[in-house]
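What follows is a short report on a single structure.
On a predicted model such as this, the values are computed, not experimentally measured, just so you know.
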Amino acid sequence: MRANATRLPLLLSVPHAGLRVPPEVSDRCLLSERDIVEDGDEGAAEIYRPLAAEVEVLQTTDIARAIVDLNRAEDDFSPDGVIKTHTCWGVPVYREFPPPALVERLLERYYRPYHARLGELATAGLRLAVDCHTMAAIAPPVAPDAGQERPAVCLGDGGGRLPAGWVEALLECFAEAFAPHRVTLNQPFSGGYITRSHGREMPWIQLELSRAPFLGPAGKRQRVLQALRAWCARHD
C-alpha cells in the first residue's frame, strides 16, 4: 500500500548531487570546489531534490561523486571507478591515493549504506525507481561519445530492466514533456551500475538531463514531473 496517495509511487535516486569531501580524505584531496562541481552532476540538487515532495521516496547523498561514486560497482577501481584517481575531466583527485584500509572505510561508510537502502526499498510496493542524473552537454574525454553534443534527455533501461511496454511509454511521456527537445533511449547512456544491479530487484530506469541551458533548473524539474505524472497516470 502507498504511504501517501497524493504522491507518485516512485523511488528517485540522486547519487551524484553531493559536493562534500568526507573528513577521512580531506587532507589528501587535491580538488578545488569547481573541480568537484564539474565532476558531479551539476544542477542535479536544484532539479531533483525538490521532487521529494512529489514522490514516495527520494534517496540522495551529500558526498561528492569524485570521492565515492555510488553508480559504480564496488570492485571498479578504474581511474573513473568507485574511488577515483582522476575526475572525468582528467584532474588528479589525490595527492596520494588512499591505502586499502581507508578505501574500505569509505565504502563502508558512504557506499554500502546507500545501496543497502535501495535494496530495502525494493520491497516497499513502489511502482518504478528512477536513477536521476545530469550530463555534460558536450561529452567529456572519458566518455564513449567524447566531444559530441548530447540530447536534452537520455533514458537508459539497463539492458531491459522494465516490463514490456514501459520503456516505450516513458519515452513518449518524456518526449511530450520536453518537446521540441531531443529525447533518446540508451544513447549515450544505457544505464549505470545502480540501474543494472538494482534492476534485478524492481523496475529501474536511468534519467539523464543535459546541462545545456535550454531550460533552467526549475523548468527542467517541472518537465520531469510532468513526464512522471503522465507515466504514472497510464500505470495507475
Side-chain angles (χ1 to χ4, degrees), residues 11-52 57-122 129-136 140-143 158 189 191-201 204 206-209 211 217:
L11 159 61
L12 302 189
S13 162
V14 190
H16 291 162
L19 300 175
R20 183 167 72 92
V21 176
E24 293 89 342
V25 293
S26 59
D27 61 340
R28 64 180 67 217
C29 180
L30 295 172
L31 300 178
S32 68
E33 183 175 336
R34 189 63 208 164
D35 291 332
I36 292 170
V37 169
E38 290 181 347
D39 186 73
D41 285 6
E42 189 169 4
E46 293 80 4
I47 295 169
Y48 298 118
R49 284 180 177 168
L51 294 176
V57 183
L58 187 142
Q59 178 76 3
T60 190
T61 180
D62 66 346
I63 299 298
R65 172 189 181 273
I67 306 303
V68 180
D69 192 337
L70 299 168
N71 203 27
R72 296 290 186 271
E74 186 173 324
D75 59 355
D76 180 356
F77 288 101
S78 62
D80 190 38
V82 61
I83 308 293
K84 304 181 186 304
T85 63
H86 291 73
T87 72
C88 62
W89 300 99
V91 179
V93 176
Y94 295 109
R95 181 176 296 105
E96 181 181 357
F97 190 77
L102 183 48
V103 167
E104 173 63 21
R105 195 179 314 159
L106 293 173
L107 294 173
E108 183 64 25
R109 291 185 178 179
Y110 306 111
Y111 181 92
R112 292 174 190 143
Y114 194 93
H115 285 275
R117 178 61 176 156
L118 295 184
E120 292 168 1
L121 290 167
V130 185
D131 198 40
C132 301
H133 298 264
T134 69
M135 58 183 172
V142 299
F189 296 108
Y193 177 74
I194 287 174
T195 302
R196 295 193 310 271
S197 60
H198 292 285
R200 294 189 292 265
E201 303 162 347
W204 275 82
Q206 180 170 292
L207 168 62
E208 296 271 1
L209 298 182
R211 293 174 210 147

Which residues pass the side chain to side chain contact (heavy atoms under 4.5 Å, CB included) test with [X], sequence neighbours left out?
X     : answer
Ser26 : Val21
Asp76 : Arg72, Ala73, Ser78
Leu19 : Ile36, Val37
Ala44 : Val14, Ala17, Asp41, Tyr48, Thr134

- In sequence, state the C-alpha distance, the side-chain angles, and the governing distance for Thr61 and Tyr110, and then conclude on side chain to side chain contact (heavy atoms under 4.5 Å, CB included). CA-CA 8 Å; Thr61 180; Tyr110 306 111; 5.9 Å; no

Side chain to side chain donor-acceptor pair (under 3.5 Å) partners for [X], two or more places apart:
X      : result
Arg20  : Asp62
Gln59  : none
Tyr193 : none

- Query: With sequence neighbours left out, what residues match Phe189 under ring pair (Phe, Tyr, Trp, His ring centres under 6.0 Å)?
  - Reply: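 Counting only residues at least two positions away or on another chain, Phe189 forms no ring pair (Phe, Tyr, Trp, His ring centres under 6.0 Å).
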
- Query: Which residues satisfy the ring pair (Phe, Tyr, Trp, His ring centres under 6.0 Å) test with Tyr111, sequence neighbours excluded?
  - Reply: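 Checked Tyr111 against ring pair (Phe, Tyr, Trp, His ring centres under 6.0 Å); matches are His115.
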
Could you tell me the separation between the [atom1] atom of [X] and the [atom2] atom of [Y], rounded to the nearest 0.5 Å?
X      : Y      : atom1 : atom2 : answer
Thr87  : Asp69  : OG1   : CG    : 12.0 Å
Thr60  : Leu12  : OG1   : CG    : 10.0 Å
Leu51  : Cys132 : CG    : SG    : 7.5 Å
Met135 : Leu209 : CE    : CG    : 7.0 Å
Leu106 : Ile83  : CG    : CD1   : 5.0 Å
Leu11  : His198 : CG    : NE2   : 9.5 Å

Grab the two heavy atoms, one from [X] and one from [Y], that are nearest each other, plus how far apart they are.
X      : Y      : result
Ile67  : Cys29  : CD1-SG, 4.1 Å
Pro217 : Glu46  : CB-CB, 3.8 Å
Pro140 : Cys88  : CB-O, 3.8 Å
Val25  : Pro98  : CG1-CG, 4.2 Å
Leu118 : Glu201 : O-OE1, 4.1 Å
Ser13  : Tyr114 : OG-OH, 2.8 Å

Are the side chains of [Y] and [X] in contact, using a 4.5 Å heavy-atom criterion?
X     : Y      : value
Phe97 : Val103 : yes
Asp80 : Arg65  : yes
Glu38 : Val91  : no
Asn71 : His133 : yes

- Item | Pairs flagged by side-chain hydrogen bond (donor to acceptor under 3.5 Å, both in side chains) wherever residues 89-107 is involved - sequence neighbours left out |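 Non-adjacent pairs meeting side-chain hydrogen bond (donor to acceptor under 3.5 Å, both in side chains): Glu104-Arg112.
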
- Query: Is Arg196 salt-bridged to Asp131, going by a charged N under 4.0 Å from an acidic O?
  - Reply: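 No, Arg196 and Asp131 are not salt-bridged.
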
- Message: Quick one, Ile63 with Arg109, criterion side chain to side chain contact (heavy atoms under 4.5 Å, CB included). Give me CA distance, side-chain angles, the key distance, then yes/no.
- Response: CA-CA 11 Å; Ile63 299 298; Arg109 291 185 178 179; over 6 Å; no

- Message: Could you work out, with salt bridge (Lys or Arg N to Asp or Glu O under 4.0 Å) as the rule, every residue matching Glu33, not counting sequence neighbours?
- Response: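 With neighbours one apart ignored, the set is empty.
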
- Task: Output all residues satisfying salt bridge (Lys or Arg N to Asp or Glu O under 4.0 Å) with Arg49, sequence neighbours left out; order by chain, then residue number.
- Result: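 Counting only residues at least two positions away or on another chain, Arg49 forms no salt bridge (Lys or Arg N to Asp or Glu O under 4.0 Å).
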
- Message: I'd like to know whether Leu102 forms a side chain to side chain contact (heavy atoms under 4.5 Å, CB included) with Arg28, so could you lay out the CA-CA distance, the side-chain angles of the two residues, the decisive distance to 0.1 Å, and finally the verdict.
- Response: CA-CA 12 Å; Leu102 183 48; Arg28 64 180 67 217; 3.9 Å; yes

